[in-house]
Amino acid sequence: MTKRRSKKTVVIGVVLIIAAAVWGLIRLFSQSSEGISGATDRERTAYIESFGYEVGTVPDKIEEIRIPANFDEAYEQYNAIQREQGFDLRKYRAYYAKKYTYSIKNYDSPSPIPICANLIVIDGIIVGADISSSEAGGLMTVLAKS
């Protein structure tokens with residue numbers, strides 16, 4: 001009887017290990033290796049500056065965020081901004097990410113409210129970006145200029 005339980009335990013353990021390995025590989029390969037690198041401050045600021053914006057060399061704020069598993073209407077609208085510039089946060093539902101916020105020094109706006117560039121980074125890859133103001137109901141648009 002103990003040999004039978006021992007074999008059963010080993011089989012269950014092997015199945016769990018295989019399942020974990022498959023999950024890890026799927027997660028690893030679901031992220032595009034051809035993404036935009038944002039692992040360092042220099043890479044992130046260079047990306048923002050490639051659209052003609054001037055920002056500091058370090059972020060004003062770094063937050064850990066979680067991309068929701070289920071998108072409500074507001075997040076679907078936010079993701080529409082992302083898709084407009086080639087990103088799609090649906091691939092990263094329930095993932096944790098870092099959000100880097102940089103103040104834009106040369107944004108042409110009549111408002112005295114500061115304008116910021118936000119980058120969403122997962123495992124060193126930029127998966128989302130936007131420009132926003134800190135005021136409620138304020139500006140929220142794509143980072144990429146036309």
Side-chain angles (χ1 to χ4, degrees), residues 7-146:
K7 269 187 173 180
K8 188 175 183 179
T9 303
V10 169
V11 169
I12 290 172
V14 169
V15 168
L16 289 174
I17 290 170
I18 291 171
V22 168
W23 176 82
L25 288 172
I26 289 171
R27 185 168 172 155
L28 177 68
F29 290 112
S30 70
Q31 295 180 1
S32 172
S33 61
E34 297 179 25
I36 302 160
S37 183
T40 66
D41 286 329
R42 184 67 208 130
E43 290 172 331
R44 290 187 296 271
T45 58
Y47 180 70
I48 296 167
E49 290 170 350
S50 73
F51 298 105
Y53 299 113
E54 293 175 21
V55 294
T57 57
V58 294
D60 299 315
K61 185 162 77 169
I62 303 171
E63 300 174 77
E64 184 163 319
I65 63 169
R66 183 174 182 264
I67 298 168
N70 298 308
F71 288 7
D72 61 10
E73 185 177 331
Y75 220 89
E76 284 291 353
Q77 289 174 353
Y78 180 69
N79 197 45
I81 291 171
Q82 300 306 319
R83 287 193 320 268
E84 192 175 324
Q85 54 191 351
F87 299 118
D88 189 351
L89 296 176
R90 288 180 292 193
K91 294 188 265 185
Y92 303 101
R93 290 175 188 222
Y95 277 55
Y96 286 91
K98 290 215 176 184
K99 179 179 162 186
Y100 296 88
T101 301
Y102 296 84
S103 292
I104 298 177
K105 299 174 183 177
N106 65 332
Y107 194 84
D108 186 24
S109 172
S111 172
I113 305 293
I115 303 296
C116 299
N118 300 295
L119 299 179
I120 300 172
V121 178
I122 297 176
D123 295 333
I125 302 297
I126 298 171
V127 299
D130 67 77
I131 290 180
S132 65
S133 65
S134 58
E135 65 185 342
L139 174 72
M140 173 71 68
T141 189
V142 297
L143 176 65
K145 289 183 183 179
S146 307

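Position 1 is the first residue of the sequence, and the numbers go up from there. Please read these numbers as outputs of a predicted model, since none were measured by experiment.
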Worksheet item: Shortest non-hydrogen contact from Arg93 to Asn70?
Response: NH1-CA, 4.5 Å
Practice prompt. Kindly indicate, with the supporting measurements, whether the criterion side chain to side chain contact (heavy atoms under 4.5 Å, CB included) is fulfilled by Tyr75 and Leu89.
Written response: CA-CA 9 Å; Tyr75 220 89; Leu89 296 176; 4.0 Å; yes
Worksheet item: From Thr101 OG1 over to Arg44 CZ, what is the distance, rounded to the nearest 0.5 angstrom?
Response: 11.0 Å
Worksheet item: If every non-hydrogen atom of Arg66 is compared with every non-hydrogen atom of Ala94, which pair is closest and at what distance?
Response: NH2-CB, 3.4 Å
Fill in: Evaluation steps, side chain to side chain contact (heavy atoms under 4.5 Å, CB included), between Tyr95 and Ile120
CA-CA 11 Å; Tyr95 277 55; Ile120 300 172; over 6 Å; no
Discussion item. Can you confirm whether Phe87 sits close enough to Ile36 that some side-chain heavy atom of one is under 4.5 Å from a side-chain heavy atom of the other?
Written reply: yes
Worksheet item: Do you know which two heavy atoms are closest between Gly38 and Val121, and how far apart they sit?
Response: O-CG1, 3.8 Å
Discussion item. I need the Ile48 CD1 to Cys116 SG distance, nearest 0.5 Å.
Written reply: 10.0 Å
Practice prompt. May I ask you to test the Asp88-Asn79 pair for a side-chain heavy-atom distance under 4.5 Å?
Written response: yes
Worksheet item: With side chains defined as the heavy atoms from C-beta onward, is the minimum distance between Ser132 and Leu139 less than 4.5 Å?
Response: no
Practice prompt. List the steps and the verdict of side chain to side chain contact (heavy atoms under 4.5 Å, CB included) for Leu143 and Asp130.
Written response: CA-CA 5 Å; Leu143 176 65; Asp130 67 77; 6.0 Å; no
Fill in: Main-chain N/O of Gly52 paired with Asn106 side-chain donor or acceptor, under 3.5 Å
yes
Worksheet item: Ile131 versus Tyr53: any side-chain heavy-atom pair under 4.5 Å?
Response: yes
Fill in: Stepwise side-chain hydrogen bond (donor to acceptor under 3.5 Å, both in side chains) test for Tyr100 and Asp41
CA-CA 9 Å; Tyr100 296 88; Asp41 286 329; over 6 Å; no
Discussion item. Using side-chain heavy atoms (C-beta onward) and a distance below 4.5 Å, is Ile122 in contact with Ile67?
Written reply: yes
Fill in: Heavy-atom donor-acceptor pair, Gln85 side chain to Ala129 backbone, under 3.5 Å
yes
Discussion item. Can you give me the closest heavy-atom contact between Ile62 and Lys98, atom names plus distance?
Written reply: CG2-CD, 4.0 Å
Fill in: Donor-acceptor contact present, side-chain Glu64 to main-chain Ala97, <3.5 Å
no
Worksheet item: How long is the gap from OH on Tyr102 to CG on Leu119, to the nearest 0.5 Å?
Response: 6.5 Å
Practice prompt. Measure the CD-CD distance between Glu54 and Glu49 for me, rounded to the nearest 0.5 Å.
Written response: 8.0 Å
Discussion item. Is it the case that the side chains of Tyr47 and Glu43 hold a donor-acceptor pair, with the cut-off being a distance below 3.5 Å and no angle test?
Written reply: no
